[in-house]
Amino acid sequence: MNEGSAGGASRPLDFIREQVQADSAAGTFAGRVQTRFPPEPNGFLHIGHAKAVCLNFEVAAEHGGTCRLRFDDTNPEGEDVSYAQAIAEDIAWLGYEPDGPAVHASDYFEQLYGWAEHLVGEGLAYVDDQDAETVSATRGDFSTPGIDSPCRDRSVEQNLGLLRDMRAGRFDDGSRVLRAKIDMAHPNMLMRDPVMYRIRHTGHFRTGDAWCIYPTYDWAHGQSDAIEGVTHSLCSLEFDAHRQLYDWYLEHLRLPGDRPRQYEFARLNLTHTVTSKRRLSTLIDEELVDGWDDPRLPTLRGLRRRGYPPEAIRAFCAHIGVARVNGVHEIELLESFVRTHHNRHALRRMAVLRPLEVVIDNWPQGRVEHRRAVNNPEDPSAGEREVPFTGRLWIERDDFMLDPPRKFYRLAPGREVRLRAGYFLRCNDVETGSAGEVVRLRCTYDPDTGSGQAPDGRKVRATIHWVSADHAADARVALYGRLFTDPVPGADGRDPLESYNPASCELITDAKVEPALAGAGPGEVVQFERLGYFARDAEDATLFHRTVGLRDEWANIQKRRQQRS
RNA sequence: UGGCCGGUAGUUCAACUGGCAGAACGUCGGACUUUGGCUCCGGAUGUUGCAGGUUCGAGUCCUGCCCGGCCAGCCA
């Protein structure tokens, strides 16, 4: 698995890169390549957006071109600077730097309006007095043509006057629209006299109350691309049908440069989660998650809090490639990239999530030994640390079984294991409570095994982690599971919430962690040995979020047994 | 109901544009190992949606059908 940037040399080009390369070679745009990432500032970016971000920035970079961040702020409702800021932050976090300051569709409102008057002048646009319901009802459907609006044949002068009155604020919201005059019988519904301007007496977060008419997406997007000099306008598959309209508008205007071309690719879907804004909002509104940065969410803010490194997200996006097939990616694949990154970079630490007390009867009373442990076996330069070892330890409850089944290699009565960075430990006796529950293990250690090996050559099957009870720090650890139990929530038209997993977050409040963990920085991801990768919370030094577990062969064995029975 | 876009391993993508169907992740097995992790080695998995046709030869071209997605916002 290759981390770094997209499309290693060994990999064939995807259909978009192939197109860009062909254009570049043919000198189509004088060899220039320019893309853009055009979010609407009305929400937060999620993993699906990350795919578009990577594609746009990297395609441009591969050709020495430019990629701008453009806010598609054509609809004042719901848009806000705070979203624009958050989006810019998330892009920077992902590791991309847009060319120049962010631009806005609203920067072009005046130009767009001028072009609209031009189209009116050409007899290619008209003001329609019909209300939304009527416009919708007369559009026809897939098998019947639409009906021409009675306003369709207004004179240029009349249309110009009405359009200026619209802009001047002389009409109420919804009372009139400007429509392109194309073809009410067109097989592409989008071409049946699409709306270019609608009236909204609503303040805009950038233009304030300067405008009361706002361009629609279709009327703004291609022209914004053209104004900026975008060459390849990449968007998701659902805009496929819009391309015809995109081209129509641009063909009927005098553009400052070459006509940009739109190409569509499949949006990214992940199993066991949702990415549509509507569905994410529902989760938040119904308090099924804690907010837009809940670590269970596929939002970039959520993933960041969870401990997903931007490098892994980029490597994942590069790996999945771009095509026109609508599919669903297994979230396990994303997780494997997260593991690959952290395996190389995360420091190893010991933490016991569900503590079980071990008393070492032959340990010298009151003695504390500082054991040296490697910080990262994958990276010698990460060095070593000291871990205090004493006669009273916490070990993981899962690492002991009274009556171990076959293939359980860990501790059991009479068995010996190795303590990581410590000694061999043998369990001699088990103290149980009134209900028969295990409360304490009486053990002995072998003082000759400090090297990790026994001089007599005897082997142990397992090495387990531990924390000195006298030195352990208390911590809370949030364990996250799948947000939805169904691989594709909401498949077959069901309500996605039906498969919402109420057990998707388990908070452990009495974990015991080694002293070195006090030094973990905000947001730092470490490996709890044998357990997984955990991100220290950005604020709370005693809270850790499980980013992703390690591959767990023992868990797989148990799962298989369960499936067989 | 019409138009458009798709359909290749469990999943996501390849297949030099008509020439022996592959890779990654997952899975299974083995080696190694002071993490049941990592790393390394190996195995299995396909009626290329279906049926015809053209061709010496079809995943690729043609015809018909099936399945999935998108489109009837004054959302993007």
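Note that the structure is a prediction, hence the values are computed from the model and not measured. For the numbers below, each heavy atom of this structure counts, side chains included, while hydrogens, waters and symmetry mates do not. Labels below follow one simple rule: chain letters A, B, ... track the order of the sequence lines, proteins then strands, and each chain is numbered from 1.
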**Request:** Round to the nearest Å and state the distance from A/Met191 atom CE to B/rA72 atom P.
**Result:** 15 Å

**Message:** Does B/rU34 have OP1 or OP2 under 4.0 Å away from a side-chain N or O of A/Arg530?
**Reply:** no

Please produce a list of atom pairs where a protein N or O lies less than 3.5 Å from an N or O of nucleotides 6-10 of chain B.
from: B/rG10; atom 1: N2; to: A/Glu330; atom 2: OE1; distance (Å): 3.2

**Request:** With P as the reference atom in both, quote the distance from B/rU35 to B/rG42 in angstrom, rounded to an integer.
**Result:** 24 Å

**Request:** Could you work out the separation of B/rG36 and B/rG46 based on their C1' atoms and round it to a whole Å?
**Result:** 33 Å

**Request:** Between B/rC40 and B/rG59, how far apart are the P atoms? Round to whole Å, please.
**Result:** 34 Å

**Prompt:** Looking only at side-chain N and O atoms, does A/Arg139 come under 4.0 Å of OP1 or OP2 in B/rC74?
**Reply:** yes

**Item:** RNA chain B: 5'-proximal contact among A/Leu531 and A/Asn343 (nearest heavy atom)
**Value:** A/Leu531

**Prompt:** Angle class for the A/Phe109/A/Tyr214 ring planes (parallel below 30°, perpendicular above 60°, tilted otherwise)?
**Reply:** perpendicular

**Message:** Measuring to OP1 and OP2 of B/rG2, would you say a side-chain N or O of A/Thr144 lies under 4.0 angstrom away?
**Reply:** no

**Request:** Could you give the distance separating B/rG57 and B/rA15 at their P atoms, to the nearest angstrom?
**Result:** 25 Å

**Message:** A/Glu335 and salt bridge (charged side-chain N to carboxylate O under 4.0 Å, His left out): which single residue from A/Arg546, A/Arg482, A/Arg551 fits?
**Reply:** A/Arg482

**Inter-nucleotide C1' distance (B/rA51, B/rC67), Å rounded** = 15 Å

**Message:** Both distances below 3.5 Å, Watson-Crick or wobble geometry, any strand: find the nucleotide opposite B/rA58.
**Reply:** none

**Item:** P spacing across the pair B/rC74 / B/rC65, given as an integer number of angstrom
**Value:** 33 Å

**Prompt:** Taking the same atom, P, in B/rU1 and in B/rG69, what whole-Å distance lies between them?
**Reply:** 14 Å

**Request:** For B/rG37, take OP1 and OP2 only and decide whether either is under 4.0 Å from a side-chain N or O of A/Gln527.
**Result:** no

